[in-house]
Novice: 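One structure, pasted below without further comment.
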2 protein chains.
Amino acid sequence: MDQVAEAAGVSRATVSRVINGATSVDAKIREVVQRAIAETGYVPNVAARSLVTRRSNSVALVISEPDRPDNHSFLNRIFTDPYFGRVTAGATGALRPHDIHLVVIPTDSTDHHQVMRYLRQGHVDGVLLISSHEQDTLPRQVHELGIPAVVSARPTSPIAVSYVDVDQRLGARLAADRLLSLGRTRLATISGPLDIPSGLDRLEGFRAHLRGHDVPSIEGDFTRAGGEAAARRLLSQHPDIDGLFVASDLMAEGALRAVQDLGRRVPEDVAVVGFDDSSAALDCRPLLTTVRQPVEEMAAEMAEVLLAHIASPGRLPRSVTFHPTLVVRDSG
Amino acid sequence: MDQVAEAAGVSRATVSRVINGATSVDAKIREVVQRAIAETGYVPNVAARSLVTRRSNSVALVISEPDRPDNHSFLNRIFTDPYFGRVTAGATGALRPHDIHLVVIPTDSTDHHQVMRYLRQGHVDGVLLISSHEQDTLPRQVHELGIPAVVSARPTSPIAVSYVDVDQRLGARLAADRLLSLGRTRLATISGPLDIPSGLDRLEGFRAHLRGHDVPSIEGDFTRAGGEAAARRLLSQHPDIDGLFVASDLMAEGALRAVQDLGRRVPEDVAVVGFDDSSAALDCRPLLTTVRQPVEEMAAEMAEVLLAHIASPGRLPRSVTFHPTLVVRDSG
DNA sequence: CTGAAAGCGCTTACAG
DNA sequence: CTGAAAGCGCTTACAG
């Protein structure tokens, strides 16, 4: 920085102002300084800057997955589910114009400690927390830490934190309406894990809208293999099902395979509606009719809200709810 | 820190020594200081520390994917392929004992610039670069930046950088041997993208070992859907194939579906061998026989080598090659 | 083994 | 609009 200042014939203060885009710098001087920066190849030291500004200009995207007793680690689940790619894309896109870096931190409860330490040390200015399972203690821990944060879904216990969510029950209702409008009368559903609010909400929303019908359901786990197994069981217990709502596209992909393996045509014998509208919907055969959750937009909104909290620490928490829409394709 | 020093009745220098585990501190004093730290809830400021140590105690895991002209973004590919979860798990595991954080940075060429800026600013002490495609300019850019780095595969152009790889050709040979030992004579292969060295190596290795046989092949793209489409084409062009080597488990999963859709039994009519031994191998029906690539161990080794480079900047680059093994299951 | 002091590389009131 | 100077919170020779 001294070199730049000398080369440009100004003080370090002025160099600093140019770098940080202060408007109060004379246009000619600004130019001279910028040339000097280019010539010297000067790059500001982020540690020094952070030390005085108390800003790191990066935020964490903490992806918190439940502990599951299977072989597949949480990392396998994360790097296998298109949902997280969409979240990352949405958050990155919203943050980039502000020149804020996104630090992706996958975790399950085995290293909550590690994650909290990272946050406490001030590596990031705030956290986008993707957490869905009921027992997850991370939202509360993060909240108690006092660092600006936005959560990806309504917290299960009431904590005063901002969150962004989709209207889960409305989504389930759209699925039910679609199946009914197709004339289906023997409906069933493969739900998400019931310890995840979105899992429970979609199930309840579906049932609530179908009051009067008997709606068999099986709990899935939001994985492809889980959806396949669930569909197999469901169909063996209720062979006459003609309409199926599967609470995630990934599970629907597996379910579709099972349904067809068991000799049913889709949608002729069984109409299937998924949830998410992720890339998995397009991997399905037939292409999946599904309830679209605007995940990228939701993640971008999370980022915007977080930025607002970082800018004005006193800000009250707020929640934003997005509306799902039905995307009709071939499966139902 | 001043608070802690005061509470413990020592200087800040001593507090610093205790925190950094200097051995030269009196045991009693160390205890007093630690208690004071606990009581005050003191957390060191990482920016201040980095400013003087010139270390961030974190390294980047840059996942560089090729630009592809399809709908699915690189983020979708990354968060859909179990390979990256394995890499992350391996690297995290190796870094944790050293108290080094891993910053995951997914990228394609559209934001190389952004990534390079991040690295240049000194946010991390080194970079683990997952890059496989031939045209990727990132390995060279990173190398020219001069930051300690380890690449996940032999670079296509010769740059003096450390890398960790698996013996691709040997892996392909194991697959060929397995199919031959099963008495299969009409072999074919679905390769990875041929602009990716591992894709080309596996194809060439397979062919080289089968010199004399005519070995039809189709280029895939390391995705499930791509494997399915490739298998369909392959079988329509060569209906008598009885042994198939698919260059990744994810593609094999799709290929298996296609093969069976077309009325062939696996392994009776067509024996199938994959490559990776990722979780996708266990999602296959029948369970996939495959060539195991010890990805977690390889990523851990990358981390160890990187740490060595960070510790001694003058260190010469070195490459480590792992041996693949055949994992026999049901498909071939 | 411990402390006083310098210094890491920035930003930002403050004065002009 | 610009510069001199203080200060952000640590670590680490150096001296004792």
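Letters A, B, ... are given to chains in the order of the sequence lines, protein chains preceding strands, and every chain is numbered from 1.
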Novice: What distance, rounded to whole Å, do you find between the two P atoms, one in D:dG9 and one in D:dA13?
Specialist: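 About 23 Å, rounded to a whole number of Å.
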
Novice: Output, in order, the C-alpha distance, side-chain angles, deciding distance and verdict of side chain to side chain donor-acceptor pair (under 3.5 Å) for A:S56 and A:D125.
Specialist: CA-CA 6 Å; A:S56 67; A:D125 300 329; 3.1 Å; yes

Novice: Would you mind classifying the nucleic acid contact of A:R17 as base, sugar-phosphate or nothing, using non-hydrogen atoms under 4.0 angstrom?
Specialist: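 Base contact.
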
Novice: Can you see which heavy atom on A:P155 is nearest to which on A:V161, and at what distance?
Specialist: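 Smallest interatomic distance, heavy atoms only, reads CG-CG1, 3.6 Å.
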
Novice: Side chains of A:D165 and A:F322, heavy atoms from C-beta outward: is any pair under 4.5 Å?
Specialist: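 No, side chains not in contact.
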
Novice: Could you please spell out the steps behind the side-chain contact (heavy atoms from CB on, under 4.5 Å) verdict for B:Q114 and A:H101?
Specialist: CA-CA 9 Å; B:Q114 178 95 349; A:H101 294 286; 4.3 Å; yes

Novice: Using both distances under 3.5 Å as the test, list the Watson-Crick or G-U wobble partner of D:dT2, or none.
Specialist: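 WC or wobble partner is C:dA15.
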
Novice: Regarding A:D2, tell me which of base, sugar-phosphate or nothing describes its non-hydrogen contacts under 4.0 Å with the strands shown.
Specialist: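 It contacts nothing in the nucleic acid.
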
Novice: Of B:V10 and A:M1, whose nearest nucleotide on DNA chain C comes first from the 5' end?
Specialist: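 By nearest-heavy-atom nucleotide position, the 5'-most residue is B:V10.
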
Novice: Just call it for A:R12: base, sugar-phosphate, or nothing, with non-hydrogen atoms closer than 4.0 Å on any strand.
Specialist: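 The residue A:R12 makes base contact.
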
Novice: Below 4.0 angstrom, which residues in residues 29-52 of chain B have at least one non-hydrogen atom near DNA chain C?
Specialist: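 B:I29, B:L51, B:V52 - these, ordered by number, are the residues of the stretch whose heavy atoms sit under 4.0 Å from the strand.
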
Novice: Between which nucleotides of DNA chain C, 5' to 3', does chain B make heavy-atom contacts below 4.0 Å?
Specialist: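 Going 5' to 3' along DNA chain C, contacts run C:dC1 to C:dG9.
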
Novice: Do B:R49 and B:I19 have side-chain heavy atoms sitting under 4.5 Å apart?
Specialist: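 Side chain of B:R49 against side chain of B:I19, heavy atoms only: contact under 4.5 Å found.
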
Novice: If you find the nucleotide of DNA chain C closest to B:R54 and the one closest to B:D26, which residue's nucleotide is nearer the 5' end?
Specialist: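 The residue whose closest nucleotide sits nearer the 5' end is B:D26.
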
Novice: Are any of the side-chain nitrogens in B:R117 or A:D99 under 4.0 Å away from the carboxylate oxygens of its partner?
Specialist: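 Salt bridge: yes.
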
Novice: Whether the side chain of B:S58 engages the backbone of B:L102 through a donor-acceptor N/O pair (distance < 3.5 Å, no angle test) should be reported.
Specialist: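 A pair under 3.5 Å: no.
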
Novice: Measure across B:I105 and B:A60 and return the closest heavy-atom pair with its distance rounded to 0.1 Å.
Specialist: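 Of all heavy-atom pairs spanning B:I105 and B:A60, the closest is CD1-CB, 4.0 Å.
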
